[in-house]
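Input: a single structure, listed below in structure tokens.
Along the sequence shown, residues carry numbers from 1.
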Amino acid sequence: MAPTLFTLQFRYAFLLLLLNLLAGSALCHIPSTLEGPFDPVTVPFDAALRGVAVDLPATDPRVRRRAEGFEPEQISVSLSTTHDSVWISWITGEFQIGFDIKPLDPETVSSVVQYGTSRFGLVHEVSGQSLIYNQLYPFEGLENYTSGIIHHVRLTGLEPSTLYYYQCGDPSLQAMSDIYYFRTMPISGPKSYPGKVAVVGDLGLTYNTTTTIDHLTSNEPDLLLLIGDVTYANLYLTNGTGSDCYSCSFPQTPIHETYQPRWDYWGRFMENLVSKVPIMVVEGNHEIEMQVENRAFVAYSSRFAFPSEESGSSSTFYYSFNAGGIHFIMLGAYINYDKTAEQYNWLERDLASVDRSITPWLVATWHPPWYSSYEAHYREAECMRVEMEDLLYSYGVDIVFNGHVHAYERSNRVYNYNLDPCGPVYITVGDGGNREKMAINFADEPGHCPDPLSTPDPYMGGFCATNFTFGPKMSKFCWDHQPEYSAFRESSFGHGILEVKNETWALWTWYRNQDSYKEVGDQIYIVRQPDICPTPIPFHQGVNRDCIASI
């Protein structure tokens with residue numbers, strides 16, 4: 001049988017890696033393309049492959065409420081900081097929109113999870129906490145919103161790599177869920193890793209989203225990372241009449257709130273996956289959802305459980321956790337990230353606490369990318385990069401996942417815009433399937449370099465994106481060709497799978513929606529080299545300059 005293209009690519013990648021290792025090369029990753037280790041690749045965009053960027057309507061059976069009374073719905077699992085603890089979340093009761101709504105009382109419905117290692121022996125029971133949130137208009141004659149009761153229960157004392165069965169609800173009301181199951185993460189150690197970590201960003205709830213989730217589910221992940229922009233509920237504005245209107249404007253109304261029921265639609269659609277596979281979420285700009293009294297991120301912070309307290313964080317916007325030998329750091333781009341801010345101080349403490357002999361892999365995520373060559377959001381997060389890049393680099397972060405740009409892009413190892421064998425590999429996966437337009441144009445194409453003054457994001461603050469003062473792009477704001485740091489880029493919806501094999505090797509695979517779910521769109525081995533990039537490097541001593549590529 002003749003070898004497939006993938007087989008040839010794999011053989012080429014393996015041979016190239018072997019030759020480099022024998023030669024003592026500092027090459028840290030191998031593209032699956034055949035152009036060579038650092039040749040950038042751009043795949044032309046085909047508009048016919050975009051799919052149907054239309055949201056599922058409220059009448060779709062996948063988003064309609066099926067629970068009765070106070071039966072649980074929108075059930076999900078998320079991780080705590082270590083393998084021995086998880087969170088179970090769900091919602092009971094219906095949301096309300098109206099003039100004289102009466103919020104549900106969380107005290108009237110218990111938050112109980114019964115669980116065990118046998119479907120027929122749920123011998124453990126634990127209780128948790130519950131809450132509601134409201135969206136209130138400060139003007140007469142406008143309808144208000146109140147959520148159902150949101151429950152969060154933490155299970156502790158769990159065994160690693162173990163299948164647990166559970167049901168949740170209130171047994172006193174005879175309102176318990178069906179029996180679900182989840183598998184705990186493996187114990188942390190240099191030879192212990194989850195099988196597959198799915199990574200997706202900018203998901204939304206379109207027909208493209210359903211394809212993404214179908215393909216992702218078929219890959220049977222052990223963990224799901226959602227890198228911001230969850231439901232896009234904020235694109236549905238209501239003028240206080242309870243209307244569900246996409247991208248409408250109501251000039252006669254003094255305030256426009258976002259249509260919160262779309263969070264419930266999303267939770268119902270995702271339940272089949274996230275009731276079994278733990279989901280870890282970081283906030284994006286579409287979760288801001290400004291309300292009266294300058295309240296923001298209320299739905300995001302209320303509906304998900306976060307291991308914030310367990311990881312020493314005081315915020316739902318940044319936290320960390322272990323999954324086997326991987327230490328994940330989730331950062332917030334839409335709160336203060338300056339060196340004087342609490343988030344930065346927490347990050348320093350968290351990085352300093354990581355023992356790379358136990359968790360060799362260090363993976364960071366936040367929503368807007370620092371390294372993207374697309375015109376959309378080009379250098380928008382430059383201020384965040386200026387504040388935080390040195391710190392992440394000094395501790396040897398291996399991989400960074402971002403969203404925000406609605407396309408796919410993978411970088412070579414990079415630091416301060418220069419190829420660097422000790423820098424992270426940056427991967428943008430903002431291609432989950434949302435309703436907004438896909439990013440197609442590149443900033444290096446003629447006529448598509450944005451005006452620097454147009455790049456700052458109003459929610460991120462500051463202006464740091466100026467013309468470069470060093471290297472081949474000196475005195476320029478954009479490259480005039482695909483940047484050297486950009487290894488592969490393509491405008492297609494899809495998702496990625498990270499498979500860490502051992503303390504030095506990890507396989508990253510990106511799948512496009514238009515392909516069958518087993519067909520590979522991009523694949524690469526990411527290789528750690530602690531011998532030439534020792535970690536951790538004490539930050540006060542500066543970075544290891546031997547690892548910095550020449551300018």
Side-chain angles (χ1 to χ4, degrees), residues 65-78 80 85-116 122-138 143-157 166-180 231 233 242 257-258 260-268 270-271 274-275 279 281 287 289 291-293 295-310 313-316 319:
R65 187 172 189 264
R66 297 180 296 275
E68 297 181 358
F70 286 103
E71 293 176 347
E73 66 162 359
Q74 305 178 51
I75 301 168
S76 66
V77 182
S78 55
S80 185
S85 179
V86 304
W87 288 89
I88 307 294
S89 303
W90 69 94
I91 293 180
T92 55
E94 295 190 61
F95 65 79
Q96 303 169 61
I97 296 179
F99 296 107
D100 298 312
I101 59 175
K102 183 178 180 181
L104 297 173
D105 182 1
E107 297 297 323
T108 62
V109 182
S110 298
S111 307
V112 175
V113 175
Q114 299 169 345
Y115 66 99
L122 306 182
V123 296
H124 304 286
E125 182 174 293
V126 62
S127 299
Q129 68 264 18
S130 58
L131 71 151
I132 62 166
Y133 73 92
N134 304 309
Q135 185 169 257
L136 305 176
Y137 296 93
E143 298 187 17
N144 296 318
Y145 168 89
T146 184
S147 71
I149 301 173
I150 303 168
H151 305 261
H152 300 301
V153 177
R154 186 184 176 199
L155 282 54
T156 59
Y166 73 96
Q167 61 180 173
C168 57
D170 186 342
S172 69
L173 298 178
Q174 295 185 334
M176 295 293 287
S177 71
D178 292 336
I179 296 177
Y180 295 86
T231 69
E257 295 283 6
T258 68
Q260 292 298 291
R262 294 212 66 86
W263 279 94
D264 296 282
Y265 303 163
W266 189 89
R268 292 166 189 159
M270 292 293 290
E271 180 183 275
V274 299
S275 60
I279 179 172
V281 184
E287 278 71 74
E289 297 188 294
Q291 297 186 29
V292 297
E293 299 177 350
R295 300 175 70 208
F297 296 103
V298 176
Y300 162 83
S301 296
S302 301
R303 291 175 179 265
F304 295 106
F306 306 92
S308 301
E309 182 178 351
E310 302 101 279
S313 167
S314 60
S315 171
T316 60
Y319 59 92

Does T316 form a side chain to side chain contact (heavy atoms under 4.5 Å, CB included) with F297? I'd like the steps, not just the answer. CA-CA 9 Å; T316 60; F297 296 103; over 6 Å; no

Heavy-atom distance under 4.5 Å between the side chains of Q74 and I150, does that happen here? no

So, do Y300 and E289 sit near enough that their side-chain heavy atoms are less than 4.5 Å apart? no

Hey, could you give me the CG/CE distance between L122 and M176, rounded to the nearest 0.5 Å? 8.0 Å

Apply side chain to side chain contact (heavy atoms under 4.5 Å, CB included) to the pair W90 and V153, showing each step before the final yes or no. CA-CA 9 Å; W90 69 94; V153 177; 3.6 Å; yes

Measuring from atom OH of Y166 to atom CG of D178, what distance do you get when rounded to the nearest 0.5 angstrom? 10.5 Å

Is there side-chain contact between D170 and F70, with at least one heavy-atom pair below 4.5 Å? no

Under a 4.5 Å cut-off applied to non-hydrogen side-chain atoms, are W87 and E310 in contact? yes

Between T92 (side chain only) and P72 (backbone N and O only), is there a donor and an acceptor less than 3.5 Å apart? no

Under a 4.5 Å cut-off applied to non-hydrogen side-chain atoms, are Q260 and I97 in contact? no

So, does S89 use its side chain to make a donor-acceptor pair with the main chain of S76 at under 3.5 Å? no

Mind listing the side-chain donor-acceptor pairs of residues 108-116 below 3.5 Å, one per line with the distance, residues two or more places apart or on another chain?
| residue | atom | partner | partner atom | Å |
| --- | --- | --- | --- | --- |
| T108 | OG1 | D105 | O | 2.6 |
| S111 | OG | H151 | ND1 | 2.6 |
| Q114 | NE2 | E125 | OE1 | 2.9 |

Nearest atoms (heavy-atom pairs only) where L104 meets G93: CD1-CA, 4.0 Å

What residues form a salt bridge (charged side-chain N to carboxylate O under 4.0 Å, His left out) with E73, not counting sequence neighbours? R65, R268

Rounding to 0.5 Å, atoms CD (E287) and CH2 (W263) come to a distance of 4.5 Å

